[in-house]
Amino acid sequence: MAAVWLAERAHSVEYLTARRFEPPNWLTAMETLSFVFGHVRSRRLGAVVIALKLVARALSGRTDMLYVQGAQNTVIALAAAVLRRGTTLVYHTQDYKPRITRTYSLAERLLSRMADHVICNEVNRGRVMAAVNRLPENPDVIRTALPANWPVPDVRQAARRDLASRHGLAFGPDDCLIAAGGRYRGRRASYSLLQAISELPDNYYVVFTGMEAGAPEVADCLAVAEDLSLGRRVIVEKSLRYEDLLSLYTACDLGMLLYTDDDIANFYQGPGRLTEYLRAGLPVVASRFPGLELLVLKYSIGATADPDSPSEIAAAVSSLDLPPSRERRAELRELATGLLCYERGADEVLGRIVSDTADGLRTGSRGHRTSSEGPN
């Protein structure tokens, strides 16, 4: 999202990734944004290629800003960060966890201390990160969200028919499809969710995504569904391209933002799925954690529940007017493109970082840390 934000404002951006990534056509058509893919034969080899490219850019001295996003990329970027010649270094942690793995955590700590600007997606995570990594200031905050102009097609009926056809089902107008928003996982309270579905009427379905045939989580999910006599009310979808995932969400009627209270990252959530759901016109049911509950109640976008209580989850679902009306969907989409869009945080934080970088270029004083505590 930062790459898009910068490119849309006429900055020349090179996006490097070791992941298999297929950008949509509207992104590849942007003249100021180019994509460099690191995967050659394997992701690991791709990471090496990306690291070498970053070192070459750092040594060239022709890059004004190195923007690193995600702890997994800190290992790749460390050498370039050390060798940078006056380049402004921005580290955007996205989903900060104090201990991911020993390697990633150490690399993240080193990079965040070297960075001129550190960004997190949730204010409480940011404060913990500042304390654990001993940063001089609290990170700035940009919520994980979709930009206002990110295309999300309104294809609800077509997507609903396609989903039904793929699974040999027929959805009526009163059937309610609940988007689980990912795989069957313990940290997303998936077991509690299926138990909750079993307490709801037969016209409630749940849709998991990213579930590849033969994966252990598929077997676990279907076994639990069978034990709970859910029959075909549990729908398992494979991994989808991002644009297809957003289209799938439009086929649904409710989005789940359930997380277990097992670490700081889950307790202080800043989920990207929030604005994905809202852009698809879906209300949400979220874990009753302080940040999520405040967000849900402040903007009247759904209900909250104890993620360990199937009965509470079922009650939260039942408390909502489902399926949402056309007017309700439009209201939620408007919220996602307004108050909760990516630009609300990025315009302030990235705007200031770009301005500081430009000032440094003019004065020859790049490399000083200028980040401040960000609003949330």
Side-chain angles (χ1 to χ4, degrees), residues 1-3 15-19 21 38-39 42-55 58 65-84 87-144 182-183 185-188 210 259-273 287 289-292 349 353 367 369 371-374 376:
M1 301 308 170
Y15 184 92
L16 293 88
T17 176
R19 295 189 303 117
F21 174 67
H39 57 265
S42 70
R43 185 170 177 174
R44 181 171 296 180
L45 183 57
V48 173
V49 172
I50 291 297
L52 292 175
K53 287 180 180 293
L54 284 174
V55 169
M65 180 187 295
L66 174 60
Y67 194 110
V68 182
Q69 183 148 340
Q72 292 84 350
N73 296 314
T74 55
V75 178
I76 300 174
L78 266 177
V82 171
L83 296 171
R84 63 192 172 115
T87 301
T88 294
L89 175 61
V90 180
Y91 176 54
H92 190 153
T93 174
Q94 189 70 18
D95 289 322
Y96 172 69
K97 297 181 180 180
R99 286 176 288 276
I100 306 174
T101 68
R102 182 173 297 180
T103 299
Y104 287 147
S105 295
L106 175 60
E108 181 178 60
R109 185 178 303 116
L110 293 172
L111 194 79
S112 63
R113 288 178 181 175
M114 286 190 284
D116 301 297
H117 304 271
V118 179
I119 301 171
C120 192
N121 70 339
E122 203 278 335
V123 66
N124 296 290
R125 284 183 180 180
R127 287 175 177 269
V128 173
M129 180 184 185
V132 172
N133 290 359
R134 298 181 181 177
L135 304 181
E137 293 116 356
N138 290 316
D140 286 306
V141 175
I142 301 177
R143 292 185 189 276
T144 307
R183 302 172 187 171
R185 284 183 173 174
R187 63 186 175 88
R188 288 186 175 172
Y259 302 92
T260 54
D261 182 10
D262 61 355
D263 64 20
I264 185 176
N266 281 334
F267 190 72
Y268 292 124
Q269 266 292 340
R273 287 181 296 153
S287 291
F289 300 158
L292 284 175
V349 175
I353 290 175
R369 186 180 176 88
S371 63
S372 61
E373 180 181 344
N376 196 19

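Nearest heavy atoms, Ala130 versus Pro139: CB-CD, 4.0 Å. The shortest non-hydrogen separation linking Gly46 to Ala18 is C-CB, 3.8 Å. Summarising the geometry of Pro98 relative to Ile264, their closest heavy-atom pair is CD-CG2, 3.1 Å, with the distance given to 0.1 Å. Nearest approach of Gly210 to Arg183, heavy atoms of both residues: O-NE, 3.1 Å.
By the 4.5 Å heavy-atom criterion applied to side chains, Leu83 and Val55 are counted as neighbours. Residues Val141 and Val349 have side chains not in contact (no heavy-atom distance under 4.5 Å, counting atoms from C-beta outward). Using a 4.5 Å cut-off on side-chain heavy atoms (C-beta onward), Leu89 and Leu111 make contact. Side-chain contact between Ile50 and Thr17: absent, with no pair of heavy atoms (C-beta onward) separated by less than 4.5 Å. Residues Val68 and Val90 are not in side-chain contact: their nearest non-hydrogen atoms beyond the backbone lie 4.5 Å or more apart. Counting heavy atoms from C-beta outward, Leu110 and Leu106 have side chains that approach closer than 4.5 Å.
No donor-acceptor distance shorter than 3.5 angstrom exists from the side chain of Asp140 to the backbone of Ile119, with no hydrogens or angles considered. A side-chain donor-acceptor contact under 3.5 Å links Arg84 to the backbone of Thr87.
For Tyr96, the side chain to side chain donor-acceptor pair (under 3.5 Å) test picks out no residue, with sequence neighbours left out. Not counting sequence neighbours, Tyr268 has no partner by the ring pair (Phe, Tyr, Trp, His ring centres under 6.0 Å) test. In this structure Tyr259 satisfies the side chain to side chain donor-acceptor pair (under 3.5 Å) test together with Arg273, sequence neighbours excluded. Residues passing the side chain to side chain donor-acceptor pair (under 3.5 Å) test with Asn133 are Ser112, sequence neighbours excluded. Partners of Thr144 according to the side chain to side chain donor-acceptor pair (under 3.5 Å) rule, which considers only residues two or more places apart in sequence or in another chain, are Gln94, Asn121. Not counting sequence neighbours, the partners of Leu52 by the side-chain contact (heavy atoms from CB on, under 4.5 Å) test are Val48.
More than 12 heavy-atom neighbours from other residues, nucleotides or ligands sit within 6.0 angstrom of CZ on Phe267.
Atom CE of Met129 and atom CD of Glu122 lie 13.5 Å apart (nearest 0.5 Å). A distance of 9.0 Å separates CZ of Arg188 from CG of Asn266, quoted to the nearest 0.5 Å.
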Side-chain donor-acceptor pairs under 3.5 Å in residues 72-80, sequence neighbours left out?
| residue | atom | partner | partner atom | Å |
| --- | --- | --- | --- | --- |
| Asn73 | ND2 | Gln69 | O | 2.5 |
| Thr74 | OG1 | Ala71 | O | 2.5 |

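Sorted by first and then second residue, the pairs that involve residues 92-104 and meet salt bridge (Lys or Arg N to Asp or Glu O under 4.0 Å), not counting sequence neighbours, are Asp95-Arg125.
Salt-bridge formation is not detected for the pair Asp261/Arg187: no Lys NZ or Arg NE/NH1/NH2 atom is positioned less than 4.0 Å from an Asp or Glu carboxylate oxygen.
Of the listed residues (Arg113, His117, Glu108), just one forms a side chain to side chain donor-acceptor pair (under 3.5 Å) with Tyr91, and that residue is Glu108.
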